[in-house]
Amino acid sequence: MNVVLVEPEIPPNTGNIARLCAATRSTLHLIEPFGFKLDDKQLKRAGLDYWQHLVWHRWPDWPSFRTQLPPDARLWLIESHGQRHHAEVTYAADDYLVFGRETAGLPRSILDEHRDSWLRIPMFHDGVRSLNLSNCVALTLYEALRQHGFPGALNPV
């Protein structure tokens with residue numbers, strides 16, 4: 001699987017997501033601009049010493065990322081107000097799970113470009129407007145991996 005963070009802002013979230021990607025052998029794509037420096041202590045602390053086990057790529061912007069994708073790449077944009085929820089689709093092993101900034105989500109231009117692959121995570125309280133980014137990545141990534149029987153897991157289900 002591939003996890004894509006578009007313009008992440010909070011170092012501990014990105015660090016936690018890097019750790020999650022290392023643990024699941026998922027590739028992490030970080031798209032600039034960032035709200036922090038890559039040598040930030042909070043970023044490294046949240047990722048602990050797992051950065052060495054992570055396969056990741058840094059992209060200067062969304063167009064640079066998009067041009068390198070295979071023509072048949074499937075992108076799933078996880079953002080509020082999607083027509084389907086994250087567990088209603090069937091994920092392929094090489095899909096891209098795309099998440100936006102913690103404070104603003106994904107840019108409208110990206111959402112409009114991929115309207116058919118826009119997914120939401122169900123919420124149950126109207127007073128809570130969002131979930132933490134690293135939680136969103138974790139639950140969506142694990143749903144995708146569950147659909148494939150957790151391939152390569154050290155303690156298979």
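What you see is a predicted model, and the numbers here were worked out from it, not measured in a lab.
- Residues V55 and L5 do not share a hydrophobic cluster, defined by chaining ILVMFWY side chains whose heavy atoms lie under 4.5 Å apart.
- P33 has its side chain within reach of E7: a pair of non-hydrogen atoms, C-beta onward, lies under 4.5 Å apart.
- The shortest distance between side-chain heavy atoms of Y91 and E143 falls below 4.5 Å.
- In this structure the side chain of I110 never reaches within 4.5 angstrom of the side chain of L75, judged on heavy atoms.
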Go through T24 and Y142 one step at a time and tell me if the side chain to side chain contact (heavy atoms under 4.5 Å, CB included) criterion holds. CA-CA 9 Å; T24 59; Y142 267 85; 3.5 Å; yes

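- I10 and L131 fall into different hydrophobic clusters, where Ile, Leu, Val, Met, Phe, Trp and Tyr residues are linked whenever their side-chain heavy atoms come under 4.5 Å apart, directly or through other members.
- Residues P151 and H148 approach most closely at CD-O, 3.5 Å, considering heavy atoms.
- For the pair R74 and T90, the tightest heavy-atom approach, listed with the atom from each and the gap, is NH2-O, 2.8 Å.
- Rounded to the nearest 0.5 angstrom, S80 OG and L119 CG are separated by 12.0 Å.
- Distance NE2/H81 to CD/E79: 8.0 Å, rounded to 0.5 Å.
- Contact annotation: the side chain of Y50 never approaches that of C21 to less than 4.5 Å [non-hydrogen atoms, C-beta and beyond].
- Side-chain atoms of F34 and R58, non-hydrogen and from C-beta on, do get closer than 4.5 Å to each other.
- To the nearest 0.5 Å, atoms CD1 (I31) and NE2 (H57) are separated by 11.5 Å.
- To the nearest 0.5 Å, atoms OG1 (T140) and CZ (R120) are separated by 12.5 Å.
- With hydrophobic clusters built from ILVMFWY side chains whose heavy atoms lie under 4.5 angstrom apart, F99 shares a cluster with L20.
- W118 places none of its side-chain heavy atoms less than 4.5 Å from the side chain of Q83.
- Residues L97 and L145 are members of one and the same hydrophobic cluster, defined by side-chain heavy-atom contacts under 4.5 angstrom among Ile, Leu, Val, Met, Phe, Trp and Tyr.
- Note that CG of L54 and CD1 of I17 are 11.5 Å apart. Values are rounded to the nearest 0.5 Å.
- The aromatic rings of F65 and Y96 lie perpendicular to each other, with more than 60° between the two planes, well past the 30° mark.
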Would D61 and S64 count as a side-chain hydrogen bond (donor to acceptor under 3.5 Å, both in side chains) here? Give the steps. CA-CA 6 Å; D61 52 38; S64 299; 2.6 Å; yes

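- Transitive grouping of hydrophobic side chains (ILVMFWY, heavy atoms separated by less than 4.5 Å) brings L69 and L111 into a common cluster.
- Using a 4.5 Å heavy-atom cutoff, the side chains of E113 and R66 are in contact.
- Taking every heavy atom of both residues into account, Q147 and V89 meet most closely at NE2-O, 2.8 Å.
- Counting heavy-atom neighbours within 6.0 Å of R129 CZ, excluding the residue itself, gives a total of 12 or less.
- Taking OG of S130 as the reference point, atom CG of N135 lies at 10.5 Å (rounded to 0.5 Å).
- A donor-acceptor pair is defined here as one N or O able to donate and one able to accept, closer than 3.5 Å; such a pair exists between the side chain of E102 and the backbone of E9.
- The closest donor-acceptor contact from the side chain of R84 to the backbone of D116 lies under 3.5 Å.
- Using a 4.5 Å heavy-atom cutoff, the side chains of M1 and D95 are in contact.
- Formation of a donor-acceptor pair under 3.5 Å by the N16 side chain with backbone atoms of N13 is not found in this model.
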